[in-house]
Amino acid sequence: MRTETQPDRFTAPRESMVASQLRGRGIADERVLAAMTRVPRHQFVSDSYHDQAYEDHPIPIGEGQTISQPYIVGITLEALALQPSDIVLEVGTGSGYQTAILAELAHHVYSIERHASLAQGAHSILASLGYDNVTVVVGDGSHGLAQSAPFDAIVVSAAAPQIPPLLIEQLSEGGRMVIPVGPAHAQELLLVRKQLSNTAVRVLEGCRFVPLIGSEGYGSDW
Ligand code: SAH
């Protein structure tokens, strides 16, 4: 998995983020809380944002994109109910922060990002932190990653116009997907479960993500 880091000046802000923004708002999954206590979020943003890394908001990561707010990562990961044997697809690697937490909780993570520069940056930091169970791919993930399917869980980190049918197809029986759906200002974070070839959908939270751009996402109409 990864090498342990020594306590440093970010340890206390990270523990306080977990206590107030996650546990304090009802996230109770101890595996998720432990993973978010371990992963050094500040290392996934540029030096100039280090001091904001554990605050309660998204942060710019280049290419007009943002690292997700810790609370949104927490509710997403809790809803996915990952098992250590799970194979996961993440659409929208961004900084690689959520990828690291997925890698702590699952067996293998395939993560696809359309911006090559972000994919490269995420790959470098994930490798330097010792994650050897992550494959970062450059491309349009809005139609999934058919060659590595099926997935026990899929997490989409950018807002889609609707749930892409090709992503449901790539879920295994009993698989879970978390995906934000809706236009720029009115999205809902959905938990989709595939069971006996049916899909059950539950709304987790209102949210605001950057757009999923691609064949099953938005075009220039965002
Ligand atoms: N969880 C990430 C969030 C990144 S923001 C983090 O915490 O850093 C969402 C990312 O989705 C952006 O980097 C954006 O470039 C990417 N994205 C948008 N549409 C995509 C698509 N069709 N395929 C792959 N990545 C996409």
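As the structure lists them, so they are numbered: ligands from 1, and atoms in each ligand from 1. This one's a predicted model, so the numbers in the text were calculated from it and none came from an experiment.
Scanning S68, G94, G62 for the heavy atom closest to atom 7 (O) of ligand 1 points to S68.
The proximity of I112 to ligand 1, defined as any non-hydrogen pair under 4.0 Å, is limited to the backbone. With a 4.0 Å cut-off on non-hydrogen atoms, V210 touches ligand 1 through its side chain and not its backbone. With a heavy-atom cut-off of 4.0 Å, T66 touches ligand 1 through its backbone alone. Of all the heavy atoms of Q65, the ones lying under 4.0 Å from any atom of ligand 1 belong exclusively to the side chain.
Dense packing is recorded around NE2 of H115, with more than 12 heavy atoms of other residues, nucleotides or ligands lying under 6.0 Å away. Few gaps surround CZ on R25; more than 12 heavy atoms of other groups in view lie less than 6.0 Å from it.
The two residues V181 and Q162 have their closest heavy-atom pair at CG1-CA, 3.8 Å. Of all non-hydrogen atoms in L189 and F209, the two that sit nearest each other are CD1-CE1, 4.0 Å.
Rounding to the nearest 0.5 Å places CD of E104 at 3.5 Å from OH of Y131. Taken to the nearest 0.5 Å, the OG1 atom of T99 stands 12.0 Å off from the NE2 atom of H123. Atom OG1 in T135 sits 11.0 Å away from atom CG in L126 (nearest 0.5 Å). Considering CD of E205 and CG of L191, their distance stands at 13.0 Å, rounded to 0.5 Å.
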One pair to check against ring-ring contact (aromatic ring centres under 6.0 Å, His included): H42 and Y49. What are the steps and the verdict?
CA-CA 8 Å; H42 62 281; Y49 286 109; over 10 Å; no
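On a distance-only criterion, I67 and ligand 1 share no N/O pair closer than 3.5 Å. Ligand 1 has no N or O atom lying under 3.5 Å from any N or O atom of E90, backbone or side chain.
The protein heavy-atom contact nearest to atom 9 (C) of ligand 1 is S157 O, 3.3 Å. Among all protein heavy atoms, the one lying closest to atom 13 (O) of ligand 1 is E113 OE1, 2.7 Å. Nearest protein neighbour of atom 6 (C) of ligand 1, counting heavy atoms only, is S95 OG, 3.6 Å. Annotation: atom 11 (O) of ligand 1 to nearest protein heavy atom, G92 CA, 3.2 Å. Protein heavy atom closest to atom 19 (N) of ligand 1, with residue, atom name and distance, is I213 N, 3.0 Å. Of the protein's heavy atoms, R114 N, 3.2 Å lies nearest to atom 25 (N) of ligand 1. Protein heavy atom closest to atom 23 (N) of ligand 1, with residue, atom name and distance, is G141 N, 2.8 Å.
Side-chain atoms of E173 and Q195 form no donor-acceptor pair, as typed in the model, at a separation below 3.5 Å.
Below 4.0 Å from some heavy atom of L118 lie the following atoms of ligand 1, by number and element: 13 (O). Residue contact check: G139 has heavy atoms under 4.0 Å from atoms 23 (N), 24 (C) of ligand 1. Within ligand 1, the atoms closer than 4.0 Å to a non-hydrogen atom of S142 are 22 (N), numbered from 1 in the order shown. Interface of P211 with ligand 1, defined as ligand atoms under 4.0 Å from a residue heavy atom, comprises 18 (C), 19 (N).
For the pair R41 and F10, the cation does not sit on the ring face, since its NZ or CZ is not both under 6.0 Å from the ring centre and inside 45° of the axis.
Ligand 1 has no atom lying under 4.0 Å from any heavy atom of V73.
Aromatic ring centres of Y110 and H108 lie closer together than 6.0 Å.
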